[in-house]
Amino acid sequence: MKTVYFNEIHQRLIEASSASDIFGNLSKISGDALKRCFRQLAQQVHPDHHPNFKKEANDAFLKLQFWYSQALIELRTSQGGLKFESGQNVYVTTAVSAPGDIADIWQAETGSKKVILKIVRQPKNNDLMLAESSWLKHLKNDLKGDPLLAHFPTLIESFKVKDASGAERAINVLENENEFVTLAEVIQAHPQGIHPADAAWMFNRLLAALAKTHQLGWVHGAVIPPHLLLNLNDHNGKLIDWCYSQPIGEKVKAISPSYKPFYPMEVLEKRPSTPATDIYLAGMTLLKLLGGDVATKTVPTSVPKPIGAFLKACLIGSPHRRPQNSWALFDDFQEILQRLYGAPKFRPFSL
């Protein structure tokens, strides 16, 4: 097959955000037709057929396998939903959400209650799911009655199930957050950036969650746009996906490949993490939200200089020279906002 055709398929796989982007409308396709489509595409992108650019072909083939697995899951869900039993509850999936880096995210029901299921994609990552459930249990106990608990997801339970091969897969069950959008969706809707006064409340929620996390002796380890949920109606924010969290001083175990440019060198070089690690990631996230260039750490000229200077301090390469105290950083940010925009006021925001 011609290289041009391979490049077209590879580009589709890179840009895909759902299985339907690869296989078409899944509500109008049978399981056998889906399998035939997969085999035809696999024939076109398999690395054995492209020895001159094997790396690209391997990447394409892995992406194709991933989206095929998602398509199979969606087909099964449309036929009545997947069922998982924890021993305490029975969960039936109702829809698949956008896949995470290590887990498939499902909307589900148990009785009349709507929940979110995070199902680990590869059993070797069960430890990351356990890290999330352990932290959220610890958090719930330590912050009982604290209003800042509203900035964190709520774990219902965690359990394991055996897949068709007999391997155990971890599942975390979380409270449903259907009134929220991700910061990644905000950025996608406003690629040129949003007004700093609108970004202010979003970043405030992020800093508050990080400050409490660091106060308890932990780092989040993956403060990137998909992991901040925002309620555009009441301006609440929740920092989610705690699979990468660990005590301060330990190494971050894994990164999100799609957001590799957001990570500081101490993570990429597998050095110990500190609160400054999360602060760097938060700074990159704010930079992207404001329409800045992550690759060069360039702040848009439309951003007021005090906020630009604040951002640059968060993005210093050396973690020892970066801010370490998230509460102090939160206070500094409030002072900047007060000087620029006056007393806080509610600014309606929509996508």
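Heads up: numbering here begins at 1 and tracks the sequence.
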Participant: Determine yes or no for a side-chain-to-main-chain donor-acceptor pair under 3.5 angstrom, with His214 supplying the side chain and Leu210 the backbone.
Facilitator: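 Yes, because the side chain of His214 sits within donor-acceptor range (under 3.5 Å) of the backbone of Leu210.
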
Participant: Considering non-hydrogen atoms only, spot the tightest contact between Ala211 and Ser326 and give its length.
Facilitator: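 Result for this residue pair: CA-CB, 3.5 Å.
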
Participant: Output yes when a side-chain donor or acceptor of Glu56 lies under 3.5 Å from a complementary backbone atom of Asn7, and no otherwise.
Facilitator: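 Here the side-chain-to-backbone pair does not exist.
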
Participant: So, are Lys212 and Asp146 salt-bridged, with charged N and O less than 4.0 Å apart?
Facilitator: yes

Participant: Which atom names give the shortest non-hydrogen contact between Arg322 and Ala313, and what distance separates them?
Facilitator: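 Heavy-atom minimum between the residues: CG-O, 3.6 Å.
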
Participant: Just checking, any donor-acceptor pair under 3.5 angstrom between side chains of Glu15 and Gln11?
Facilitator: yes

Participant: Hey, are Lys113 and Glu175 close enough for a salt bridge, meaning a charged N less than 4.0 Å from a carboxylate O?
Facilitator: yes

Participant: May I ask you to check whether Phe6 and His50 place their ring centers less than 6.0 Å from one another?
Facilitator: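 Yes, the ring centres sit under 6.0 Å apart.
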
Participant: If the threshold is 4.0 Å, N to carboxylate O, is there a salt bridge linking Lys118 and Glu132?
Facilitator: yes

Participant: May I ask you to decide whether Lys63 forms a salt bridge with Asp59, counting only side-chain N to carboxylate O separations under 4.0 Å?
Facilitator: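 A salt bridge is present here (some side-chain N lies under 4.0 Å from a carboxylate O).
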
Participant: Parallel, tilted or perpendicular, judged at 30° and 60°: which one describes the rings of Phe330 and Trp327?
Facilitator: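 Aromatic pair Phe330/Trp327 classed perpendicular.
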
Participant: How about Thr277 and Glu266: does a side-chain donor come under 3.5 Å of a side-chain acceptor?
Facilitator: yes

Participant: Assess the side chains of Trp218 and Gln246: does a donor N or O sit below 3.5 Å from an acceptor N or O?
Facilitator: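 On atom types as modelled, these side chains do not qualify, holding no pair under 3.5 Å.
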
Participant: Answer with yes or no whether the side chains of Thr94 and Glu109 bring together a donor and an acceptor at under 3.5 Å.
Facilitator: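 No donor-acceptor contact under 3.5 Å links the two side chains.
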
Participant: On the 0 to 90° scale, with breaks at 30° and 60°, tag the Phe262-Tyr259 ring pair as parallel, tilted or perpendicular.
Facilitator: perpendicular

Participant: Looking only at heavy atoms, what is the nearest atom pair of Phe84 and Thr93, with distance?
Facilitator: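 Smallest heavy-atom distance, with atoms named: CE1-CG2, 4.0 Å.
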
Participant: Between the side chains of Gln334 and Asn204, does any donor sit under 3.5 Å from an acceptor?
Facilitator: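 There is such a pair between these side chains.
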
Participant: Could you check Leu62 against Gln65 for side chain to side chain contact (heavy atoms under 4.5 Å, CB included), going step by step and ending with a plain yes or no?
Facilitator: CA-CA 5 Å; Leu62 289 174; Gln65 287 181 309; 3.7 Å; yes

Participant: Going by atom types alone, do Tyr91 and Asn89 pair a side-chain donor with an acceptor below 3.5 Å?
Facilitator: yes

Participant: Fit a plane to each ring of His235 and Phe346, take the angle between them on a 0 to 90° scale, and name the class: parallel (under 30°), tilted (30 to 60°) or perpendicular (over 60°).
Facilitator: parallel

Participant: Angle class for the Phe38/Phe23 ring planes (parallel below 30°, perpendicular above 60°, tilted otherwise)?
Facilitator: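 Ring orientation of Phe38 relative to Phe23: tilted.
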
